[in-house]
2 protein chains.
Amino acid sequence: MMTKKQTLPLDQVLVGDCIELMNSLPEKSVDLIFADPPYNLQLGGDLLRPNNTKVDAVDDHWDQFDSFRHYDEFSRDWLNAARRILKDTGAIWVIGSYHNIYRVGTVMQDIGYWVLNDIVWRKTNPMPNFRGKRFCNAHETLLWCSKNAEQKAITFNYEAMKQLNEGLQMRSDWLLPICSGGERLKDDKGKKVHPTQKPEALLQRVLMATTRQGDVVLDPFFGTGTTGAAARRLGRHFIGLEREEDYAKAARERIAKVQMLDGDSLELTESKRSLPRIPFGAVIERGLLAPGEKIYDNRGNVAALVRADGSIAHKDAAGSIHQVGAQVQGAPACNGWTYWHYKCDGRLVSIDNLRSQLRKELGQVSA
Amino acid sequence: MMTKKQTLPLDQVLVGDCIELMNSLPEKSVDLIFADPPYNLQLGGDLLRPNNTKVDAVDDHWDQFDSFRHYDEFSRDWLNAARRILKDTGAIWVIGSYHNIYRVGTVMQDIGYWVLNDIVWRKTNPMPNFRGKRFCNAHETLLWCSKNAEQKAITFNYEAMKQLNEGLQMRSDWLLPICSGGERLKDDKGKKVHPTQKPEALLQRVLMATTRQGDVVLDPFFGTGTTGAAARRLGRHFIGLEREEDYAKAARERIAKVQMLDGDSLELTESKRSLPRIPFGAVIERGLLAPGEKIYDNRGNVAALVRADGSIAHKDAAGSIHQVGAQVQGAPACNGWTYWHYKCDGRLVSIDNLRSQLRKELGQVSA
DNA sequence: TTGCCGGCTGAATCTTACC
DNA sequence: CGGTAAGATTCAGCCGGCA
């Protein structure tokens, strides 16, 4: 893995066509791709534009495609190139609005990507609909996809997201302001450098949720480098691809100023799944429970006998704490650690406490 | 216009294939179409809740398709039939989830529909993600489209929508509960009649926004008739198409009981506003505090490290501002917002001030 | 009558480590 | 690689039972 990383142009902005540049990179080499492709706003010429007010509309030449067909071809090409360089354990995010996201989503599904969630970025401060002819277009959509449907190991920092949402699991609708104020890059004359600069908070949430420290994040439409800024701040590597030298230059200068957070503040709330596995037998071996003792369900109604080999017995049934727990309840499955309790000063205490205790002891020795 | 209306099967539920039924209706004869087509969910095995009960999944035969290609063909067929019967001044709504909405959106654009807005229905009470492997899938998407791009006269009751949103322009994200409680149709045994009954409030908003009194609203996937119930209540005509006689029967009985409104009592259906809940993580994401900073108790004796995921760490303890606050004090609970302070010009200031600040910025946008 | 508590449920593409 | 067993995992709202 290190050798692969060493051949990658880490923490750099490469100028050129993103498809050619991606094709020049080794296959299966990046952990995450974040893409903010052109939005195809000018479909069919000026008459058909969905919003023909003159509010600094997006009319740069890179945003022009003469038909849905061309846009679909373009999407298929860059999404295929992206898929090649993605690790088999990797994932991709694509952001868009109703002008392009339905095209993009269909192409992604067609070439084998598997949708994990679609996420709605709700803007606290969207541009109003000036004519009063439509609903205020107050959101954009992100697609989070794995490389294929069979893929199991996806990085998803569930507990960290739950923390961020004050103890409730994070939903698919995110409320964040648009990029403005000091964060928005301006040139000497105070004109914005890029028409669609994304807020860094959005990228931070994406990277916090679906990458780990040291991961490689590639952005094929780098623009002024919000992905790079967020990656650097969070201790991830980035690779930025951008066709326009002016944007690339602005991005490099911007990212150089970013203060990287230190390791402690990047520590994520850990999931139980990442903790070392403790067999119930270890609890017996260490003498936290003795063979011959009884363990009970949470009300003390059901009692099972603890045996020396770490199995337990209840009436005819014998086996692991999980198997017997399931059988006793007539349930298809059971987490024995939370189902069973032992008596301590007359009160029932979860055996999961014994596991925690053991983990603490082991941590000081091995880890 | 009256002659045309007289040939239409107004305020009826027709049983049969929706494409054939639509083809039997006169062209350019309906004002609005609302469609809730099959979502083409692709479920694996059973899903168990943490308490080992089984989730009652949508596994009905009508939701099964062999492939995306078959689903696309199906979509193209019914959307073309719908387009023929739509008046040139008419519009269409289609609702879906990430499983199908990207397919539907692409087909709609391909056959000439023009997207006016995409609308996000944010559920106040979605089903959680039981396994902790994804973001909670808390929304569905609606596409609002005109028959073609050139179409000028679209019914959009801008002022009514603005009223409904307390004087502010209605946004593209709508917060509404799912259909449950007394509104949910149940059979004798208390089993739900239809697996995916939509809330009437959603349909009311759609019809309030994009139809006038006396308009004809057609629903090709009528199910248990939420569109019909909302139409009748609001003084619009409906035409319901439904393949299953059982659903059609339930719909007829339901609609017959609906009281038609003559006044302006609709506002009652709109949810009340309460103070938006602000997770501590939002304070970090928005940059009001930076990861790596320290927060203190009111005397500055206890210091905790702020981490990027919105958790804080103090000695061995890590968790939410509330959890760590409680642990530090040896208390069973703690309001972290009032316990913790940050340093500002050498003085200690409550982090609750940051929450107030954020609430002010959010203003009328319900979090 | 009111309030509290436990149980049930909703369009869901929902596991992973070890042998 | 496949098979097997361990074991991690939920939020809001409605309803009924009971104090």
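Every chain is numbered from 1, with letters handed out A, B, ... down the list of sequences.
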Participant: Within this structure, what is the CG-to-P distance between B:Asn52 and D:dA8, rounded to whole angstrom?
Facilitator: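 From B:Asn52 CG to D:dA8 P: 13 Å.
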Participant: Which nucleotide in the set C:dT15, C:dG7, C:dA11 lies at the smallest distance from any side-chain heavy atom of B:Arg131?
Facilitator: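 Output: C:dT15.
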Participant: I want to confirm an ordering. Mapping A:Asp352 and A:Gln169 to their closest nucleotides on DNA chain D, which one lands closer to the 5' end?
Facilitator: A:Asp352
Participant: Answer with base, sugar-phosphate or nothing: what part of the nucleic acid does A:Asn335 contact at a heavy-atom distance below 4.0 Å?
Facilitator: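 The answer is base, as A:Asn335 lies within the cut-off (heavy atoms under 4.0 Å) of a base atom.
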Participant: Can you check the A:Lys147 NZ to C:dT13 C1' distance for me, whole Å?
Facilitator: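 So the NZ-C1' distance, A:Lys147 to C:dT13, works out to 20 Å.
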Participant: Among C:dG10, D:dT9, D:dC14, find the nucleotide with the atom closest to the side chain of B:Met127.
Facilitator: C:dG10
Participant: Quick check: closest heavy atoms across A:Ala318 and A:Val324, and the distance to 0.1 Å?
Facilitator: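 Heavy atoms of A:Ala318 and A:Val324 come nearest at C-CG2, 3.8 Å.
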Participant: With a non-hydrogen cut-off below 4.0 angstrom, is B:Asn40 in contact with a base, only sugar-phosphate, or nothing?
Facilitator: nothing
Participant: What integer number of Å spans the C1' atoms of C:dC8 and D:dT10?
Facilitator: 13 Å
Participant: Which whole-number value in Å describes the distance from A:Met161 CE to D:dT9 P?
Facilitator: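 So the two atoms are 16 Å apart, to the nearest Å.
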Participant: Under 4.0 angstrom, heavy atoms only, what part of the nucleic acid is B:Gly223 near: base, sugar-phosphate, or nothing?
Facilitator: nothing
Participant: I'd like the C1' distance from C:dT1 over to D:dG17, given in whole Å.
Facilitator: 15 Å
Participant: 5'-most contact on DNA chain C: A:Arg299 or B:Ala57, nearest heavy atom basis?
Facilitator: A:Arg299
Participant: Consider the side chain of B:Arg184, meaning its heavy atoms from C-beta on, and name the nucleotide among C:dT13, D:dG7, C:dA11 that approaches it most closely.
Facilitator: C:dA11
Participant: On a heavy-atom basis, which atom in B:Thr226 and which in B:Glu200 lie closest, and how many Å separate them?
Facilitator: CG2-CA, 3.7 Å
Participant: Once you round to the nearest 0.5 Å, how far does CD1 of B:Ile19 lie from CG of B:Asp77?
Facilitator: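 Rounded to the nearest 0.5 Å, the CD1-CG separation comes to 5.0 Å.
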Participant: Should B:Lys257 and B:Glu253 count as an ion pair when the cut-off is N to O under 4.0 Å?
Facilitator: no
Participant: Please classify the nucleic acid contact of A:Leu168 as base, sugar-phosphate, or nothing, using heavy-atom distances under 4.0 Å.
Facilitator: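 The residue A:Leu168 makes sugar-phosphate contact but no base contact.
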Participant: Atom CH2 of A:Trp340 to atom P of D:dA6: distance rounded to whole Å?
Facilitator: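 That distance rounds to 14 Å.
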Participant: Are any of A:Arg277's side-chain N or O atoms less than 4.0 Å away from OP1 or OP2 of D:dG7?
Facilitator: yes
Participant: What integer number of Å spans the P atoms of D:dT9 and C:dA17?
Facilitator: 13 Å
Participant: Classify B:Pro126 by what it touches in the nucleic acid, base, sugar-phosphate, or nothing, heavy-atom distance under 4.0 Å.
Facilitator: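 If one applies the 4.0 Å heavy-atom cut-off, B:Pro126 turns out to touch a base.
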Participant: Rounding to an integer number of Å, can you tell me how far B:Lys123 NZ sits from D:dG13 P?
Facilitator: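 To the nearest whole Å, that distance equals 14 Å.
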Participant: Under 4.0 Å, counting only non-hydrogen atoms across every strand here, what does B:Gly182 touch: a base, just sugar-phosphate, or nothing?
Facilitator: sugar-phosphate
Participant: Take B:Lys186 and A:Leu116, find for each the nucleotide of DNA chain C with the closest heavy atom, and name the residue whose nucleotide sits nearer the 5' end.
Facilitator: B:Lys186
Participant: Does C:dT15 adopt a syn or an anti glycosidic conformation, taking syn as a chi angle within 90° of 0?
Facilitator: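 Because its glycosidic torsion lies more than 90° from 0, C:dT15 adopts the anti conformation.
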Participant: With a non-hydrogen cut-off below 4.0 angstrom, is A:Ile154 in contact with a base, only sugar-phosphate, or nothing?
Facilitator: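 Here A:Ile154 touches no strand at all.
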Participant: Nearest heavy-atom pair of B:Lys189 and B:Asp187: which atoms, and what distance?
Facilitator: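 Smallest heavy-atom distance, with atoms named: N-OD1, 2.9 Å.
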Participant: Measure from the side chain of A:Gln109, starting at C-beta and using heavy atoms only, and say which of C:dG10, C:dT16, C:dT13 lies closest.
Facilitator: C:dT13
Participant: Base, sugar-phosphate alone, or nothing: which one does B:Pro37 contact when heavy atoms must sit under 4.0 Å apart?
Facilitator: base
Participant: Do the side chain of B:Lys198 and the base of C:dA11 come within less than 3.5 angstrom through a donor-acceptor pair of N or O atoms?
Facilitator: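 Looking at the base of C:dA11, it does pair with a donor or acceptor on the side chain of B:Lys198 (distance under 3.5 Å).
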Participant: If we ignore hydrogens and angles and just use 3.5 Å, is the side chain of B:Asn100 paired with the main-chain N or O of B:Val104 as donor and acceptor?
Facilitator: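 No, because the side chain of B:Asn100 does not come within donor-acceptor range (under 3.5 Å) of the backbone of B:Val104.
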Participant: Test side-chain contact (heavy atoms from CB on, under 4.5 Å) on B:Leu202 and B:Ile95 and set out the steps.
Facilitator: CA-CA 11 Å; B:Leu202 180 70; B:Ile95 184 169; 3.9 Å; yes
Participant: Within the structure shown, what part of the strands sits under 4.0 Å from B:Arg49 by heavy-atom distance: base, sugar-phosphate, or nothing?
Facilitator: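 Counting heavy atoms under 4.0 Å across all strands, the contact made by B:Arg49 includes a base.
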Participant: Less than 3.5 Å between a donor and an acceptor, one on the side chain of A:Arg355 and one on the base of D:dG7, is that the case here?
Facilitator: no
Participant: Considering only C:dA12, D:dA6, D:dT9, which nucleotide approaches the side chain of A:Glu159 most closely?
Facilitator: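 Per side-chain heavy atoms of A:Glu159, the pick is D:dT9.
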Participant: Under 4.0 angstrom, heavy atoms only, what part of the nucleic acid is B:Thr53 near: base, sugar-phosphate, or nothing?
Facilitator: nothing
Participant: Whole-Å distance between D:dG7 C1' and A:Arg359 CZ?
Facilitator: 10 Å
Participant: Does C:dT13 have A:Trp114 stacked on its base, where the ring centres are within less than 5.5 Å and the planes differ by under 30°?
Facilitator: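 Check passed, A:Trp114 stacks on base of C:dT13.
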Participant: For D:dT10, does OP1 or OP2 lie under 4.0 Å from any side-chain N or O of A:Tyr158?
Facilitator: yes
Participant: Between C:dA12, D:dG13, C:dA17, which nucleotide has the shortest distance from any of its atoms to the side chain of B:Thr124?
Facilitator: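 Side chain of B:Thr124 sits closest to D:dG13.
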Participant: Starting from C1' on C:dC14, measure out to NE2 on B:His99 and report it in whole angstrom.
Facilitator: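 After rounding, the gap between these two atoms is 11 Å.
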Participant: Under a 3.5 Å cut-off for both distances, is C:dC5 Watson-Crick or wobble paired, and to whom?
Facilitator: D:dG16
Participant: Is the side chain of B:Gln197 donor-acceptor paired with the backbone N or O of B:Leu185 at a distance under 3.5 Å, no angle test?
Facilitator: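 Present.
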Participant: If you only use heavy atoms from C-beta on, which nucleotide in D:dA6, D:dT9, C:dA11 is closest to the side chain of B:Thr196?
Facilitator: C:dA11
Participant: Answer with base, sugar-phosphate or nothing: what part of the nucleic acid does A:Asn117 contact at a heavy-atom distance below 4.0 Å?
Facilitator: nothing
Participant: Of all the nucleotides listed (D:dT10, C:dT16, C:dA11), which has the minimum atom distance to the side chain of B:Pro50?
Facilitator: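 The answer is D:dT10.
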Participant: Mind checking whether B:Trp93 and B:Trp174 have parallel, tilted or perpendicular rings, split at 30° and 60°?
Facilitator: tilted
Participant: Under a 3.5 Å cut-off for both distances, is D:dT4 Watson-Crick or wobble paired, and to whom?
Facilitator: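 Pair assignment: D:dT4 / C:dA17.
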Participant: B:Tyr98 near the nucleic acid: base, sugar-phosphate alone, or nothing, with a heavy-atom cut-off under 4.0 Å?
Facilitator: base
Participant: Starting at the 5' end of DNA chain D and moving along, which residue's nearest nucleotide shows up first, A:Pro332 or A:Lys162?
Facilitator: A:Pro332
Participant: Partner of C:dA12 by Watson-Crick or G-U wobble geometry, both contacts under 3.5 Å, or none?
Facilitator: none
Participant: Please work out if A:Ala333 contacts a base, only the sugar-phosphate, or nothing of the nucleic acid, heavy-atom cut-off 4.0 Å.
Facilitator: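 It contacts base atoms.
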Participant: Compare the minimum distances between each of D:dT10, D:dG7, C:dG10 and the side chain of B:Lys192, then state the nucleotide with the smallest one.
Facilitator: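 Of all the options, the side chain of B:Lys192 is nearest to C:dG10.
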Participant: Whole angstrom is fine here: how far is it from NZ in A:Lys272 over to C1' in D:dT10?
Facilitator: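 It is 14 Å, rounded to the nearest whole Å.
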Participant: Phosphate oxygens OP1/OP2 of D:dA6: is one of them under 4.0 Å from a side-chain N or O of A:Ser320?
Facilitator: yes
Participant: Using the six-membered ring wherever Trp is involved, compare the ring planes of B:His194 and B:Tyr247 and label them parallel, tilted or perpendicular (cut-offs 30° and 60°).
Facilitator: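 Because their plane-to-plane angle lies in the 30° to 60° range, the rings of B:His194 and B:Tyr247 count as tilted.
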